[in-house]
Amino acid sequence: MSTSIPSTTDLDTAATEQEVAQCREAYDQLREHLGRVIVGMEPMIEQLMIGMLCRGHCILQGMPGLAKTLLISSLAKLIDMSFARIQFTPDLMPADITGGEVLEEDRTTGKRVFRFVQGPIFHHLVLADEINRTPPKSQSALLEAMEERQLTVAGKTYALPNPFFVLATQNPIEVEGTYPLPEAQLDRFLLKILVNYPEREDEIEICRRQTGGPVIEMKPIMTTETLRSMQSLARRIIVADHVMEAAVDLARMTRPDDARMPSSIAPYVQYGGGPRASLAFIKAAKARALLKGRHHATTEDIAAVARPVLRHRMVMTFNAETDGVDVEDVLDRLLAEAASPTRNGKP
């Protein structure tokens, strides 16, 4: 792909048909190569690419053995990004993530000096495996890195690589010995992606590939510069006023204190998505439109990204637990209500 990185003035202009076509071609090649080792995960691949084009971080939630780590590491190899996996455990310390200063002796002067040794966070793509298995003190080591893309250690600030992504995984069934992420940290993840069991035919193909045939080696087909160019291009995707209004209204429909919230979900939602949800809708819709080969976002794009944008930003009430209603049920009702021509006369 030969798309150049737009200048500051270019960001004020709409993406051209040629640029969009080049981006779509690069994405198709990426999917094709991933398909050689990953079977039946097209929705997850698309959502991960949306997150990357938005310069956002993602949570992947699914049972063990569903190729979450394989997908992420393969993606890093294809885009020629440095990759690090951090296994989060109860005894993990912040310095194990960020790195720290070590005392060394300067052989030329004989003096002892401190030298900063970088931790695994200093990579393009960081897999935070089972992020909810470590206490909040260690979880918080990621906050500055995720938000500011820099780290401050011992009063000194260190820039992180560009691009930089944190992809975290969670096991949905293990709750003993875990530390749920606080809402403030969850809100910093752009998307929460559910990784489900494969279809029967896909599982047969997985068994066939894993138990026979040659081992496929992933080689780079895209550079980080190309990815940065695609990120800049995604910002130039057009969003009409009615699409932006639809995104903001959908986010506001999740808030109990807003008149737009449907009465059918009001008893089950304690807190809804804040302004970051509205921003995530717009960014993700732009990125999805680009991956679909369009230079403008639509309300269909907003609806398509609604679940990964909202599922980790909504806090359920005790009534939801007692009635057996989870966030996916609430999102079903919310999206059905949002798609209804008449929404109880509400704007």
Side-chain angles (χ1 to χ4, degrees), residues 1 3-28 30-31 42-58 163 165 187-194 226-254 260 272-314 331 334-341 343 347:
M1 180 177 173
T3 305
S4 59
I5 300 177
S7 65
T8 303
T9 55
D10 289 332
L11 293 177
D12 296 330
T13 63
T16 66
E17 296 286 348
Q18 181 181 3
E19 289 173 324
V20 172
Q22 289 174 333
C23 185
R24 176 60 190 263
E25 181 182 354
Y27 173 57
D28 288 343
L30 197 67
R31 285 193 307 168
E42 286 79 8
M44 282 69 77
I45 293 173
E46 179 181 278
Q47 291 173 29
L48 276 177
M49 279 304 299
I50 288 174
M52 288 188 170
L53 292 187
C54 298
R55 300 179 76 242
H57 313 288
C58 302
F165 307 102
D187 201 30
R188 283 173 167 81
F189 285 94
L190 182 79
L191 305 175
K192 183 176 182 180
I193 303 169
L194 296 188
T226 298
L227 178 59
R228 290 195 297 269
S229 175
M230 294 170 68
Q231 291 173 337
S232 297
L233 187 60
R235 291 180 58 86
R236 295 164 54 200
I237 296 298
I238 298 171
V239 179
D241 288 344
H242 75 279
V243 176
M244 190 165 296
E245 291 172 2
V248 172
D249 286 345
L250 185 57
R252 296 183 69 87
M253 286 174 68
T254 66
R260 293 172 178 80
R276 277 201 185 105
S278 300
L279 291 171
F281 275 134
I282 303 300
K283 293 177 182 178
K286 283 186 171 189
R288 184 178 186 271
L290 180 58
L291 295 180
K292 297 296 182 182
R294 289 183 274 108
H295 63 275
H296 66 281
T298 66
T299 54
E300 179 186 348
D301 295 317
I302 300 294
V305 300
R307 293 179 183 277
V309 166
L310 289 176
R311 61 168 53 107
H312 60 297
R313 291 185 165 95
M314 299 178 67
L331 287 174
L334 178 68
L335 295 176
E337 183 74 18
S340 176
R343 286 175 21 206

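The nearest pair of heavy atoms linking I237 to R294 is CD1-O, 3.6 Å. When every heavy atom of C23 is checked against every heavy atom of L233, the shortest pair comes out as CB-CD2, 3.9 Å. A pairwise comparison of heavy atoms in A297 and A285 identifies CB-O, 3.9 Å as the closest pair. The two atoms that bring I282 and A247 nearest to each other are CD1-CB, 3.5 Å, heavy atoms only. Residues R313 and D187 approach most closely at NE-OD1, 2.7 Å, considering heavy atoms. The minimum heavy-atom distance linking A280 with L190 is given by the pair CB-CD1, 3.6 Å.
Counting heavy atoms from C-beta outward, F281 and V248 have side chains that stay 4.5 Å or more apart. Counting only heavy atoms from C-beta outward, the side chains of Q231 and P163 approach each other to under 4.5 Å.
In this structure, CZ in F189 is found 12.0 Å from CZ in R276, a value given to the nearest 0.5 Å. The distance from the CE atom of M230 to the CG atom of L53 is 5.0 Å, given to the nearest 0.5 Å. To the nearest 0.5 Å, the span separating CD1 on I45 from CG on L291 amounts to 11.5 Å. Between the CD atom in E300 and the NZ atom in K292 there is a gap of 8.5 Å [rounded to 0.5 Å]. Taking NZ from K286 and CD1 from I302, the interatomic distance works out to 10.5 Å, rounded to the nearest 0.5 Å. Atom CZ of R236 sits about 6.5 Å away from atom OG1 of T16, to the nearest 0.5 Å.
Looking only at distances, no side-chain donor or acceptor of R307 sits under 3.5 Å from a matching main-chain atom of L331. Under a 3.5 Å cut-off, the side chain of T254 and the backbone N or O of L250 do not form any donor-acceptor pair.
The pair D249-R252 does not count as a salt bridge, with every side-chain nitrogen at least 4.0 angstrom from each carboxylate oxygen.
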Query - Working for side-chain contact (heavy atoms from CB on, under 4.5 Å), residues D28 and R31 - result: CA-CA 5 Å; D28 288 343; R31 285 193 307 168; 2.9 Å; yes
